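Indexing begins at 1, ligand by ligand and atom by atom, following the structure's order. Since the structure is predicted, the reported quantities are computational estimates derived from the model, not experimental observations. Here, residue 1 is the first one in the sequence, and each next residue gets the next number.
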Amino acid sequence: MREILFESKHYSALVFKNETEIAHYAAGIVVNQMKNKPEFLLGLATGSSPVPFYKELIREYQAGNISFAKVNTYNLDEYYPIDPTSPQSFLGFMRENLFDHIDLPEEAIHIPRGNAPDAEEEARRYQRELNRTGGTDIQILGIGSDGHIGFNEPGDAFIYDTHVTGLTRQTIEDNSRFFEDISQVPTKALTMGIGGIMNAKMCILIATGKNKAQAIHDALKCDPTPACQGSVLQFHQNTVFLLDEDAASLL
Ligand code: GLP
């Protein structure tokens with residue numbers, strides 16, 4: 001692993017050979033903190049990037065090293081509208097890739113509801129849940145090829161609270177691999193706003209692959225701008241960027 005420092009910035013990027021090394025490193029951070037605080041508040045992301053990390057958490061649980069019995073999880077986002085029991089929903093993704101394999105109580109799973117009758121009211125409800133936490137202990141993040149974090153898409157502002165958002169064409173195309181046909185990808189989502197992410201005590205952003213190189217460059221080397229939502233993390237107190245060589249190739 002090698003570290004990339006940025007002139008006069010308080011953060012650095014750690015570059016690994018592959019996603020397996022990244023997963024081990026990320027799991028080491030989370031497991032150590034969970035051992036010190038069983039009532040852990042863990043913010044979660046979906047997509048391919050965190051999957052090897054989730055596999056590591058499952059392995060640590062199965063080895064008896066950690067328990068999720070007192071943990072609460074908070075997911076970044078959910079499509080809207082979508083049936084939360086469908087495999088394509090982010091809740092379905094989390095059950096398949098983590099929740100079904102650990103001892104996390106059902107009531108400890110917090111995620112926007114894709115089948116809520118009123119999307120705006122659901123955004124307000126989820127924000128109230130987040131406000132009650134005072135901020136998660138660790139927020140796991142990926143980053144979209146357009147620099148989005150959660151579903152905070154490129155725009156002309158950073159939106160603080162949980163909100164309903166339209167999905168960019170790029171995001172719909174990027175995420176269509178999880179659906180039978182691109183026409184089935186929802187065009188809207190409920191997303192934790194920048195405030196929920198920035199209130200985390202620590203963020204761990206995982207990015208691999210050439211298709212993330214430009215987003216990582218813009219997020220870490222350019223001045224923060226809503227055009228690249230991930231760049232807001234430059235203002236976060238404690239974010240670790242875990243990259244492979246491809247994702248770090250423009251740094
Ligand atoms: C989706 C999610 C994001 C995720 C992004 C990248 O848009 N809402 O939270 O970071 O995809 O996904 P992947 O890791 O599969 O590239």
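Residue Asp77 has at least one N or O atom closer than 3.5 Å to an N or O atom of ligand 1. Checked by distance only, ligand 1 and Ile143 come closer than 3.5 Å through their nitrogen or oxygen atoms.
Relative orientation of the Phe151 and His148 rings is tilted, given thresholds of 30° and 60° on the angle between their planes. Between His110 and Tyr74, the two ring planes are parallel [angle under 30°; tilted spans 30° to 60°].
Selection from Gly142, Gly144, Gly150, Gly47 by nearest heavy atom to atom 3 (C) of ligand 1 gives Gly150.
Between Arg169 and Glu153 there is no salt bridge, since no side-chain nitrogen of the basic residue lies less than 4.0 Å from a carboxylate oxygen of the acidic one. Look at Arg125 and Glu129 and you find a salt bridge, because one of the NZ, NE, NH1 or NH2 atoms lies within 4.0 Å of a carboxylate O, short of that distance. A salt bridge links Arg95 to Glu106: at least one charged side-chain nitrogen sits closer than 4.0 Å to a carboxylate oxygen.
In summary, the atoms of ligand 1 found under 4.0 Å from a heavy atom of Ser49, numbered by their order in the structure, are 13 (P), 14 (O), 16 (O). Atoms of ligand 1 lying under 4.0 Å from at least one heavy atom of His148, given by number and element, are 1 (C), 3 (C), 5 (C), 7 (O), 11 (O). Numbered from 1 in the order shown, with element, the atoms of ligand 1 that lie under 4.0 Å from a heavy atom of Lys212 read 6 (C), 13 (P), 14 (O), 16 (O). Taking every non-hydrogen atom of Phe151 and a distance limit under 4.0 Å, the qualifying atoms of ligand 1 come out as 7 (O), 8 (N).
Proximity of Glu78 to ligand 1, defined as any heavy-atom pair under 4.0 Å, is not found for any part of the residue. Counting heavy atoms closer than 4.0 Å to ligand 1, residue Asn175 contributes side-chain atoms (C-beta onward) but none from N, CA, C or O.
In this structure, Arg177 counts as a contact residue of ligand 1, since one of its heavy atoms falls inside 4.0 Å of the ligand.
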Hey, mind stepping through Phe179 and Tyr79 against ring pair (Phe, Tyr, Trp, His ring centres under 6.0 Å) and telling me if it holds? CA-CA 12 Å; Phe179 293 79; Tyr79 289 116; 5.5 Å; yes
